[in-house]
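Letters A, B, ... mirror the listed sequences (proteins, then strands); counts begin at 1.
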Amino acid sequence: MIRIENLTYKKGSRTILEKVNLDIADGEFVSLIGPNGAGKSTLMKIILGLLSGYEGSVTIDGVDHRRWVKTHNFGYVPQKETFDPLFPATVADTVRLGLMKGRLFPPRDSRRRIAAALEYVELGGFENRFVGELSGGEFQRVLLARAVAADSICFFLDEPESNVDKKGVSRLYTILARLKEEGKTIVNISHDLQTAFAASDTIVCLNKTLHSHTRPELLSADVVTKTFGNAIRLLEKDHV
Amino acid sequence: MFESSLLLTAFVGVLLASASTSLLSVPVTLNKVSFMSEAFAHITFSGIALALLFDWNITIVSLGAVVFFSLVISFLTKNNRTEQVNITMIFLAVSMAVSVILLSFNRDYTVDLAGYLFGNFLFMTPADLIALSVLLAVNALYLLVFYRWLFYWSYNPVIARVYGIPVSFVYYTFMVLIAVNVVITVKSVGVILITAQLILPGLTAFRLVRRLPAATAVAATVSLTAAVSAFALTYRFDLPSGPVLVCVLFLFFLLSLPVRPLAARIFRRP
Ligand SMILES: Nc1ncnc2c1ncn2[C@@H]1O[C@H](COP(=O)(O)OP(=O)(O)O)[C@@H](O)[C@H]1O
Ligand SMILES: [Mg+2]
């Protein structure tokens with residue numbers, strides 16, 4: 001279980017996250033929603049130990065999250081994985097990183113495990129393609145394959161639907177649903193409310209602080225409006 | 001073939017130096033850290049100036065200076081690429097200024113400074129050959145052992161860290177390795193031209209092939225071929241050796257430019 005207690009994060013004089021309290025249970029599929037700049041990515045990076053200097057506490061399975069991330073397998077699909085498109089990395093190279101934890105050399109059966117992870121995300125046979133030549137949806141699934149190869153028990157995805165077309169998004173969520181069925185914990189940041197609502201056990205509305213944390217069908221339009229400010233009118237009836 | 005042991009020493013020395021730097025040139029190219037090597041080279045020159053002033057051992061003093069300052073610069077610039085370029089350039093300029101001031105205190109040197117600035121194969125001594133051999137072994141071993149870590153750190157350091165690659169270790173050791181290479185190979189092309197030797201073989205290789213092991217092999221071949229050609233040209237026409245080597249490397253790079261478009265044309269499916 002991931003437990004966030006009284007988390008406050010400031011950058012200079014700006015408060016980016018304020019007194020956030022949140023529990024995420026094992027095997028739960030949680031979607032974090034909120035407007036741009038709400039601090040969603042920041043919260044995820046803090047959980048993963050990529051940012052320091054916050055107040056409050058973050059524990060996973062009862063231990064400090066910074067210790068947990070060193071000793072457990074988890075996957076991360078960042079909002080924008082930047083790399084030089086000419087960087088000579090293949091799909092297999094990218095997925096192999098998921099097998100490298102604490103190792104100088106990849107494990108003996110890495111070829112098989114890479115192939116299996118690629119099959120899992122429906123990219124069988126893509127091993128030798130260069131990542132700079134993939135479509136947005138293919139690349140996102142490669143990043144998911146990397147997390148799958150890592151034998152992750154927990155998946156952190158930051159707006160995985162960016163740069164992916166509609167068909168690609170539904171493929172992505174089909175794979176996520178399969179991971180959830182296998183008992184994995186999924187923490188997903190999303191701007192595709194319709195898809196996220198349909199897929200998640202829980203929706204977390206975040207805008208600097210936590211506005212709501214509830215099952216999708218219980219979320220009221222008021223809370224969503226409050227989270228997003230006035231900007232939102234796009235929530236469809238049958239999801240409210 | 002070699003009229004004296006002096007020439008033979010020079011020949012072996014330049015081959016060893018070229019092999020060493022070509023091995024590093026592939027990761028240097030991938031990481032776009034050539035400006036760091038440029039700064040380390042200028043700091044090396046301050047070390048040389050300091051050693052000359054007090055009549056100390058040049059290699060030991062410049063090695064100490066460059067390892068110390070490479071760690072300082074790496075520490076100061078660890079998290080920010082823009083800062084990295086700016087701070088590194090400040091160190092580059094200031095170390096050059098300090099060198100010139102140090103040199104101004106004593107005008108009658110027995111050492112040819114141009115040799116350290118632009119290289120001179122004939123300055124190589126048997127002791128240099130030993131140092132260069134050790135360097136080549138260290139480079140090869142480092143790449144063999146840390147090849148994957150270096151690759152993932154170059155690919156994306158933040159993600160590499162998330163997936164358990166010790167990126168700080170890779171960063172500091174790689175910077176120190178570049179710094180040490182600059183000092184030990186200084187007599188090959190000198191502090192002003194060393195960056196060319198650290199990037200041209202890698203750049204040329206990536207014009208021809210895309211996979212890392214292949215690129216390393218091509219970079220080494222290009223670098224050694226250039227070294228032999230430069231050596232021959234230098235003594236046939238009595239030219240300055242370091243600059244000739246750099247020009248030959250550049251020529252190889254130019255020759256590699258049309259290769260990929262040409263290959264694409266020849267092998268294009270009808
Ligand atoms: N490196 C940074 N330095 C300063 N401010 C930042 C940095 N990264 C993000 N922020 C700020 O923190 C806030 C939250 O950002 P982020 O977590 O990326 O939001 P979200 O993912 O919800 O769109 C934003 O106002 C953003 O401007
Ligand atoms: Mg974000």
Side-chain angles (χ1 to χ4, degrees), chain A residues 41 44-45 47-52 66 68-107 110 128-133 139 142-143 146-147 149-152 154-156 158, chain B residues 25-34 78-82 141-170 173-174 199 202-219 257 260-261 264:
Chain A
S41 299
M44 187 170 277
K45 286 181 196 158
I47 297 173
L48 296 176
L50 295 175
L51 294 173
S52 52
R66 281 161 296 202
W68 189 92
V69 295
K70 288 208 178 96
T71 47
H72 291 75
N73 293 334
F74 59 92
Y76 177 41
V77 177
Q79 182 164 10
K80 230 182 138 204
E81 175 147 342
T82 47
F83 65 94
D84 176 355
L86 292 177
F87 192 88
T90 61
V91 167
D93 291 330
T94 307
V95 176
R96 192 180 295 110
L97 176 59
L99 304 171
M100 292 295 294
K101 194 159 195 151
R103 294 168 162 279
L104 275 170
F105 302 100
S110 61
N128 294 322
R129 296 272 286 269
F130 283 92
V131 287
E133 295 160 1
F139 184 61
V142 168
L143 300 188
R146 178 176 67 196
D151 242 336
S152 305
C154 197
F155 289 74
F156 296 89
D158 194 343
Chain B
S25 74
V26 168
V28 164
T29 313
L30 277 185
N31 274 293
K32 308 178 184 75
V33 287
S34 42
K78 187 157 182 267
N79 298 316
N80 186 321
R81 200 63 189 225
T82 315
L141 206 64
Y142 182 87
L143 288 184
L144 279 175
V145 174
F146 299 115
Y147 154 66
R148 299 278 184 193
W149 287 7
L150 207 51
F151 177 81
Y152 288 115
W153 168 67
S154 313
Y155 191 174
N156 183 323
V158 175
I159 300 302
R161 194 177 133 203
V162 168
Y163 283 97
I165 305 283
V167 286
S168 293
F169 171 85
V170 178
T173 51
F174 187 54
I199 56 176
L203 273 182
T204 309
F206 279 120
R207 294 295 311 175
L208 305 177
V209 293
R210 289 182 75 171
R211 305 305 297 266
L212 250 64
T216 308
V218 173
L257 288 180
R260 202 182 283 168

_Go through it in stages, so that I can follow the logic: the residues are A:T90 and B:R210, the test is side-chain contact (heavy atoms from CB on, under 4.5 Å), and I'd like the CA-CA distance, side-chain angles, deciding distance and then a yes or no._
CA-CA 10 Å; A:T90 61; B:R210 289 182 75 171; over 6 Å; no

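Remark: of the listed residues A:L97, A:V69, A:L50, A:L50 is the sole one forming a side chain to side chain contact (heavy atoms under 4.5 Å, CB included) with B:V162.
Heavy-atom distances place both the backbone and the side chain of A:D93 under 4.5 Å from chain B. Heavy-atom distances place the side chain of A:F130, and not its backbone, under 4.5 Å from chain B. Only the side chain of A:A150 comes within contact range of chain B, with heavy atoms under 4.5 Å apart.
Taking non-hydrogen atoms and a 4.5 Å limit, the residue list of residues 150-159 of chain B in contact with chain A, ordered by number, reads B:F151, B:Y152, B:S154, B:Y155, B:N156, B:V158, B:I159.
Annotation: salt bridge (Lys or Arg N to Asp or Glu O under 4.0 Å) contacts of A:R103 (sequence neighbours excluded): none.
In this structure, CH2 on B:W149 lies 9.5 Å from CZ on A:F105, to the nearest 0.5 angstrom.
Within the 4.5 Å cutoff, no side-chain heavy atoms of A:P88 are placed close to those of B:V209.
The minimum heavy-atom distance linking B:Y163 with A:Y76 is given by the pair OH-N, 3.0 Å.
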